[in-house]
Amino acid sequence: MKKIVQYKVFLFVLTLVGFLSCEDDLNVKPNDVINEFDFLNNPANAVQLVNGVYNKQLDYNMYSFSWIGITSITSDDADKGSTATDTGTDKHRMDNLTFDATDISFNDVWKGRYDGIYRANNALFYLDQLTIDPVLKDRLIGEVKFLRALFYFDLVRCFGGVPIVIEKIDINDSETINEVVFVRKSKQEVYDVIETDLLDAISKLPLKGQYSPNDLGRATKGAAQALLAKSYLYQGKWQLAYDMAGEVITSGQYALLSNYADVWREIGENKAESIYEVQATLTKGLRDYTNVQGPRGTPDLGWGFNTPSLSLANSYESGDLRKEAAIMFVPSVLWDGFIAPVSWTNPRYNYKAYQSPLLELWNDDKGETAKNLRILKYSDILLIRAEAGFQLGMTGEALDRINELRLRAGLDQATTVTLQSILNERRWEMAMEHDRWFDLVRTGTAVSAMLANGKTFVVGKHELFPIPNDQIIASGGLLTQNPGY
């Protein structure tokens, strides 16, 4: 069950850069939410305070249309989809790599993450003042630091060096705002903050199996280790990535599900392959993730965006079970017996985003699906171990990890391994999961991959997305733009 629920103690609503709005947390009507004094004198509220950080992940500007646009539609895994006349505001520009700093998607992603960071900083500030059981307090701090690191990981992958804000901000302190909120730090400095937060989280968080059923879905030691391994991979810190992935593997907390297709279905939520998921419920769902990518036409299940590309479909080896599990082909009979008819607009849809109206929990609200979003999976850790191991010359270890995935996919075991073969397995295993664009950029393979999919990747520009123009304006020009924009 999904136990992280919405709570009304603080209303962390931000605008512009994320720290310039009215500070609504604590400035509320007495009968609406409890005040600061009462809150700080009731330790039971500590958990609910942290839940407010988790719940940010359900908002539209976190993992919905804009995130889908800049992490998937940009890549060779996906096309814009939908109809020729429905651009999704700027999704046609994401698809063609003609985007610029004025596009709304970048501002959404920026705001969403800094909203989350603002909530995290406030939570840490108030947690420090609460007198509660020290073990629980440490765990809650670890959860928040994991989430803050996750928000910064998204930002650094998208924009490179960004402002680092790790303290509660007084919006009336213009000097701090100008010197902290509006000043970009280097990419390495951002990664340093991510590493520091995650190492602290690892020291404080329990293993997945040590949580009670009521706390299922909260950040764990394994989640912090997995994100740290991934951040090491992105920096080319091969030994550290290899070792940290090994910690997750040997923890005994995770395993591959026997059926690859189950990973993204309700039956796979929070199961052995899951390391961290955004938790959604029927009463507070994930905003417009399924809706954006649902099949368009008659019957209408969604907007029809982010359709798997022909390039992706044609890339799989013959007999790879992951192909039919990742790509919904039209027409066909879906896994739940639902007929995918020729009246649907596009020939392919993202199967991983499909929520069955027949065999999964459903309240007929396409806008707030109860489907969990997988963020970190055990299969990702096997791929990180394989890639880092290969870079270190440990080809035997790399081959073993890859063959675990190939066995589940119904393929013959590989007898040799190359970096390209590992990246191919990564594409097939993680298809449509918002990693492909970043994988192409970090491995220097974006130019050839984009060209093969009819797109032009500009070296020296497209490695980073533009800093949103709205944020530069809000800063009075203090925020600097990325090259090429």
Side-chain angles (χ1 to χ4, degrees), residues 1-7 9-10 12 25 39 43-59 62-63 112-154 165-168 193-231 244 247-248 251 253-254 269-270 274-281 284 286 372-376:
M1 297 179 65
K2 306 159 192 174
K3 295 293 184 179
I4 300 173
V5 296
Q6 189 174 26
Y7 193 67
V9 174
F10 296 106
F12 299 105
D25 60 313
F39 179 84
N45 290 323
V47 173
Q48 307 301 341
L49 173 62
V50 175
N51 286 353
V53 188
Y54 281 106
N55 285 331
K56 175 61 200 174
Q57 295 182 294
L58 298 172
D59 288 353
M62 286 300 296
Y63 298 109
R113 273 69 191 168
Y114 276 111
D115 286 353
I117 290 165
Y118 180 79
R119 291 192 187 196
N121 291 341
N122 276 274
L124 292 171
F125 176 83
Y126 290 111
L127 280 172
D128 186 58
Q129 300 179 55
L130 290 173
T131 303
I132 60 175
D133 173 69
V135 175
L136 174 62
K137 186 172 185 175
D138 267 2
R139 193 201 86 192
L140 293 175
I141 289 172
E143 291 179 49
V144 175
K145 289 196 171 183
F146 165 81
L147 290 168
R148 186 169 67 180
L150 180 59
F151 300 147
Y152 271 119
F153 185 60
D154 285 347
V165 188
I166 54 175
E167 303 291 342
K168 185 177 184 294
V193 167
I194 292 169
E195 291 178 16
T196 298
D197 271 355
L198 291 175
L199 287 169
D200 193 37
I202 289 168
S203 72
K204 290 178 166 62
L205 290 173
L207 296 170
K208 182 178 182 179
Q210 293 174 329
Y211 271 113
S212 71
N214 287 340
D215 287 319
L216 187 65
R218 292 188 175 276
T220 63
K221 180 177 182 178
Q225 290 172 323
L227 184 56
L228 185 56
K230 199 162 186 172
S231 68
M244 192 55 62
E247 292 290 329
V248 179
S251 70
Q253 299 293 302
Y254 308 101
E269 290 186 349
N270 298 313
S274 171
I275 297 180
Y276 182 72
E277 302 178 8
V278 175
Q279 305 292 308
T281 69
K284 180 61 178 177
L286 181 64
N372 282 5
L373 177 65
R374 281 59 164 172
I375 301 294
L376 294 167

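FYI, side chains are in, hydrogens and waters are out, and symmetry mates aren't considered; it's all heavy atoms of this structure.
- Looking at Arg139 and Asp215, a side-chain N of the basic residue comes within less than 4.0 Å of a carboxylate O on the acidic one, giving a salt bridge.
- Residues Asn51 and Gln48 have side chains that bring a donor and an acceptor to within less than 3.5 angstrom of each other.
- Not one N or O on the side chain of Asp197 forms a donor-acceptor pair closer than 3.5 Å with the backbone of Phe146.
- Of the possible donor and acceptor atoms, one in the side chain of Glu269 sits under 3.5 Å from a partner among the backbone N and O of Asn372.
- When Leu373, Leu286, Leu147 are each tested for a side-chain contact (heavy atoms from CB on, under 4.5 Å) with Gln57, only one passes: Leu147.
- Minimum heavy-atom separation, Ala224 to Ile202: CB-CG1, 3.6 Å.
- Contact detail for Ala226 and Leu376: the closest heavy-atom pair is CB-CD1, 4.2 Å.
- How far CG of Leu49 is from CG of Asn122: 8.5 Å, rounded to the nearest 0.5 Å.
- Asp59 approaches Arg119 most closely through the heavy-atom pair OD2-NH2, 4.0 Å.
- Remark: the backbone N or O of Thr196 is not paired with any side-chain donor or acceptor of Asp200 at under 3.5 angstrom.
- Between the CD atom of Gln129 and the CG atom of Leu124 there is a distance of 12.0 Å, given to the nearest 0.5 Å.
- At least one donor-acceptor pair closer than 3.5 Å links the side chain of Lys137 to the backbone N or O of Leu130.
- Within the model, atoms CD1 of Ile275 and OG1 of Thr220 stand 7.5 Å from one another, a figure rounded to the nearest 0.5 Å.
- Residue Arg148 holds its CZ atom at 8.0 Å from CD1 of Ile117, rounded to the nearest 0.5 Å.
- Using a 4.5 Å heavy-atom cutoff, the side chains of Arg113 and Met62 are in contact.
- With Glu143 contributing its side chain and Ala219 its backbone, the two residues share no donor-acceptor pair below 3.5 Å.
- For the pair Asn270 and Gln279, the minimum side-chain heavy-atom distance is below 4.5 Å.
- Between Leu140 and Ala46 the shortest heavy-atom distance is CD1-CB, 3.7 Å.
- Nearest approach of Tyr276 to Gly217, heavy atoms of both residues: CE1-O, 3.8 Å.
- With rounding to the nearest 0.5 angstrom, the CG atom of Leu227 is 10.0 Å from the CD1 atom of Ile375.
- Distance alone, capped at 3.5 Å, is enough to place a donor-acceptor pair between the Asn121 side chain and the Val165 backbone.
- Rounding to the nearest 0.5 angstrom, the gap separating the CG atom in Leu198 from the OH atom in Tyr152 is 13.0 Å.
- Put simply, the side chain of Lys56 never gets that close to the backbone of Ala120: no donor and acceptor are under 3.5 Å apart.
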